[in-house]
Q: 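Okay, here's the structure, questions in a sec.
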Amino acid sequence: MYRTHTCGSLGKENIGATVSLAGWVNRRRDHGGLVFIDLRDKEGIVQAVFNPEISPAALKIAEQLRSEYVLTLTGEVAKRPAGTENLKLPTGEIEVIVKEAEILNTANTPPFYINEEVEVDENVRLKYRYLDLRRPRMKENLQLRHRVTRFMHDFLDARGFTEVETPTFIKSTPEGARDYLVPSRIHPGYFYALPQSPQQLKQLLMVGGLEKYYQMARCYRDEDLRADRQPEHTQLDMEMSFVTQEDVLQLLEELYTSLAEAVKPDKKVITPFPRLTYADVMLRYASDKPDLRYGLEIADITNIAEKTEFEVFKNAIAGGGVVRVLAAPGCGEYTRHQLDELNQLAQSAGAKGLLTISLGSPGSKLSELTQDMIKSVAAKYLSLEQVKAIAEACGASTGDLLLIIAGEPDKICPALDALRREIARRFELADPDVLHFAFIVDFPLIVRNQETGGWEAANNPFTHPRDEDIPLLDTDPEKVIGKNYDLICNGLELGSGSIRIHRSDLQKKILKVLGYEDERINRLFGHMLEAFDFGAPPHGGFGAGIDRTVMVLSGEQNIRDVVAFPKNQSAMDMTLGAPSPAAEEQLAELHLRLLDEE
RNA sequence: GGCCCCGUGGUGUAGCGGACUAACAUGCCACCCUGUCACGGUGGAGAUCGGGGGUUCAAAUCCCCCCGGGGUCGCCA
């Protein structure tokens, strides 16, 4: 037996007891005759004292110890001498007087600090991930992640959900992201695809009468990585029969509020979760996943702009564009250089330009604004009344800076979004202690594909259209609203779901609108349509990203910090060194040959 | 593929044309030290400044190319 107790669990109640501990040397303080070792295990740290008067043999061991050596020791828990307590340590009132010690393993000097919170080059962290995991930050993130999934399991179990595993070698489906493919050895030239989500399988589970299904499902997408995107991520995948959209949203709200309460009781959760329509958030926040912890709402001023003498506005509007404004509070006295920075940000996000209007210095009311307080390259084209109207539209007052962008909504929203987030960042408007969840609803079901010009599913081809919009499928597919919904929090999309189509006639109709020929429909979706014809119940569900959920709960800005062994931006595993070349024999077995690439 | 940022002892930073034989902190090694807890003291080792080319009398510093990393756009139903 290596140990009777854990380091972090010792306290005053153990005084007098003889205990055995095992762990890592967090720090050594060698006073010559007397040596202190901070011994660390998963539960915490305790001070071990090596005293030559107690055990000369143990002291000999202590002298050999270095950081991260693995050690087991036996000794007596003692109250620390008066005046030597360490209030910074939970175990700081006691110490272990060591009688015996044994080095279980030595350790090379770590490439970075394990006992200090210092930013370290991420390459180094990832290469030595197992050392990074010893640090408190990563340890806490992984433990939080465990508590999150544990809570979800319990929550859904208590509500009658059945966990079902679905295969990870499945069939490639059209649309969506690029698939990861697995070559078949048994069937030359054939491939499995790793699931982007268990979408079809969970729908078939509903046809199978499971009624309430969930799974912690690993999902794979071969697309470029981002701060919140990994090629594989875990999703709380769930599906229910005989539910409406409202039923699903209710369940999710209950799940997430109780989850936050359980794992992060200090965080403030805004309830009930706002339900915002897609059209509404795109107008007010220029994003389908706005951070709602701060206002900074955008206003449409097309009707004001079209009456001005400013050619840029007139031309944009004539070309079918709109004009929108965002107020940057207290930025009215920005310098030329600062204005240039914002302009550059807007342009790099796709705007043709950014018109700024400075509303002077703060202190007076908007009604007292005068022409000479206004500074803008377009000042001479705008009347005082027009500037006031624009300021009023976005809730600005004197001392603020108006940020105005004109153009097609699709083009200017990314720029407005970038500006809004930049202003929030500069003034630290996002309260780190708030979790501002919201549901985004009423998404368009079908959108125009920019490249092909044809229709494509905005979400997935299985989303049920809003009932009253079904007739529009024949006339105005673009106007059809789907029964799908996103859950967002603090600027992250945590997941999405929908009520699915459960009748083959409607499913076929949608697929035809999306441009699928009968032959392709049968080949690609025949199994679904056939299943629907055997009495598929109405059903719907959700996929909630676990990684992002842990990100938002921990406050981490990067998904890699909530994953034990993540891929870097080049999709490489720096710990194992994956991907790696395959041997000729392996390729031959799989009936593969590599192309010579330049 | 585009754009932006970064690359200096093990780690984190400073230096941004000449006084750099590259500084500081920490870590590491040796010795000293019996109440420390980021222990303390003394001494020491450790970087050809991501790589290559160029400009210059002189380059860590300026320019070009490449490599690596990060962020972002495209992409991600």
Side-chain angles (χ1 to χ4, degrees), chain A residues 26-39 45-54 59 62-63 66-68 78 80-89 91-92 95 97 108-128 131 173-179 196-197 199-200 219-231 233 341 344-345 347-350 411 414-415 417-418 421 443-447 449-451 455-463 482 484 486 493 496-498 514 543 545 557-558 560 568-570 572 574:
Chain A
N26 196 59
R27 226 176 258 282
R28 181 179 73 132
R29 289 179 295 281
D30 186 344
H31 287 239
L34 190 68
V35 177
F36 298 98
I37 296 292
D38 288 340
L39 191 68
I45 288 172
V46 71
Q47 173 166 284
V49 187
F50 292 75
N51 189 326
E53 289 155 24
I54 306 289
L59 186 74
E63 282 164 356
R66 294 293 181 273
S67 286
E68 301 306 313
R80 290 201 189 186
T84 66
E85 299 88 354
N86 183 356
L87 298 177
K88 284 185 248 168
L89 219 54
T91 60
E95 59 193 8
I97 310 296
N108 293 336
T109 303
F112 52 84
Y113 302 104
I114 288 162
N115 49 18
E116 270 180 57
E117 282 295 312
V118 184
E119 281 297 317
V120 177
D121 181 77
E122 204 171 357
N123 260 339
V124 181
R125 283 178 61 197
L126 290 177
K127 181 176 176 193
Y128 299 100
L131 297 179
T173 50
E175 303 200 39
R178 197 176 293 118
D179 284 316
Q196 297 178 27
S197 82
Q199 180 62 35
Q200 295 188 34
C219 304
Y220 306 87
R221 290 168 197 188
D222 188 2
E223 297 292 350
D224 286 352
L225 290 79
R226 289 286 185 279
D228 61 353
R229 256 161 48 188
Q230 283 275 300
H233 76 280
E341 277 179 358
Q344 209 160 17
L345 176 68
Q347 291 196 23
S348 69
K411 297 269 169 20
D417 178 38
R421 282 185 286 131
F443 286 85
L445 185 75
I446 294 166
V447 295
N449 182 307
Q450 297 295 340
E451 284 163 32
W455 300 115
E456 67 178 9
N459 182 250
N460 71 42
F462 306 112
T463 301
N484 55 319
D486 281 1
E493 180 193 320
S496 61
S498 64
L514 294 175
Q557 299 300 304
N558 197 296
R560 291 185 296 273
N568 69 6
Q569 194 167 60
S570 316
M572 290 191 296
M574 298 303 284

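Proteins come first, then strands; the chains are lettered A, B, ... in the order of their sequence lines, and each starts at number 1. Basis for what follows: all heavy atoms, side chains included, without hydrogens, waters or symmetry-related copies.
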Q: Report, as a single string ordered 5' to 3', how protein heavy atoms within less than 4.0 Å touch nucleotides 34-41 of chain B: B base, S sugar-phosphate only, - not at all.
A: BBBBSB--
Q: What distance, rounded to whole Å, do you find between the two C1' atoms, one in B:C49 and one in B:C24?
A: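 B:C49 and B:C24 have their C1' atoms separated by 16 Å.
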Q: Respond yes when some side-chain nitrogen or oxygen of A:R125 is under 4.0 Å from OP1 or OP2 of B:G70, and no when none is.
A: no
Q: Quickly work out the A:L131 CG to B:G27 P distance and round it to whole Å.
A: 18 Å
Q: Using a 4.0 Å heavy-atom cut-off across all strands, classify A:M574 as base, sugar-phosphate, or nothing.
A: nothing
Q: Just N and O in the side chain of A:S570: are any of them under 4.0 Å from OP1 or OP2 of B:G68?
A: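 No.
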Q: Who are the salt bridge (charged side-chain N to carboxylate O under 4.0 Å, His left out) partners of A:E119, not counting sequence neighbours?
A: A:R137
Q: On RNA chain B, nearest-nucleotide positions of A:N558 versus A:A457: which is more 5'?
A: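 It is A:N558, whose closest nucleotide lies nearer the 5' terminus.
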Q: If you look at every strand shown and take non-hydrogen atoms under 4.0 Å, does A:D222 touch a base, only sugar-phosphate, or nothing?
A: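 No contact at all - A:D222 keeps every heavy atom at 4.0 Å or more from the nucleic acid.
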Q: With C1' as the reference atom in both, quote the distance from B:U21 to B:U26 in angstrom, rounded to an integer.
A: 24 Å
Q: Counting Watson-Crick and G-U wobble pairs only, both distances under 3.5 Å, name the nucleotide matched with B:C37, or none.
A: none
Q: Ion pair present between A:D38 and A:R29, side-chain N to carboxylate O less than 4.0 angstrom?
A: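 Judged by the 4.0 Å cut-off on N to carboxylate O distance, A:D38 and A:R29 do form a salt bridge.
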Q: Which base sits across from B:C24 as a Watson-Crick or G-U pair, both distances under 3.5 Å?
A: B:G12
Q: Donor-acceptor pair under 3.5 Å: do we get one between A:R221's side chain and the base of B:C76?
A: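 Answer is no: no donor-acceptor pair is held.
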Q: How does protein reach along nucleotides 1-12 of chain B, written 5' to 3' as B (base within reach of a heavy atom under 4.0 Å), S (only sugar-phosphate), or - (no contact)?
A: B--------BBS
Q: Between A:R229 and A:E223, is there a salt bridge with N-O shorter than 4.0 Å?
A: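 Result for this pair is no, no salt bridge flagged.
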Q: Between A:N123 and A:A458, which is nearer to the 5' end of RNA chain B once each is assigned its nearest nucleotide?
A: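 Here A:N123 is the residue nearer the 5' end.
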Q: I need the minimum non-hydrogen distance between A:N115 and A:N26, along with the two atoms involved.
A: ND2-O, 2.8 Å
Q: Determine the Euclidean distance between corresponding C1' atoms of B:U56 and B:C64; express it in Å to zero decimal places.
A: 16 Å
Q: How many Å lie between NZ on A:K411 and P on B:G74, as a whole number?
A: 12 Å
Q: Can you tell me the pairing partner of B:C3 across any strand shown, Watson-Crick or G-U wobble, with both distances under 3.5 angstrom?
A: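 Checking every strand shown, B:C3 finds its partner in B:G71, with both distances under 3.5 Å.
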Q: Determine the interatomic distance between P on B:A23 and the same-named atom on B:G15; round to the nearest Å.
A: 15 Å
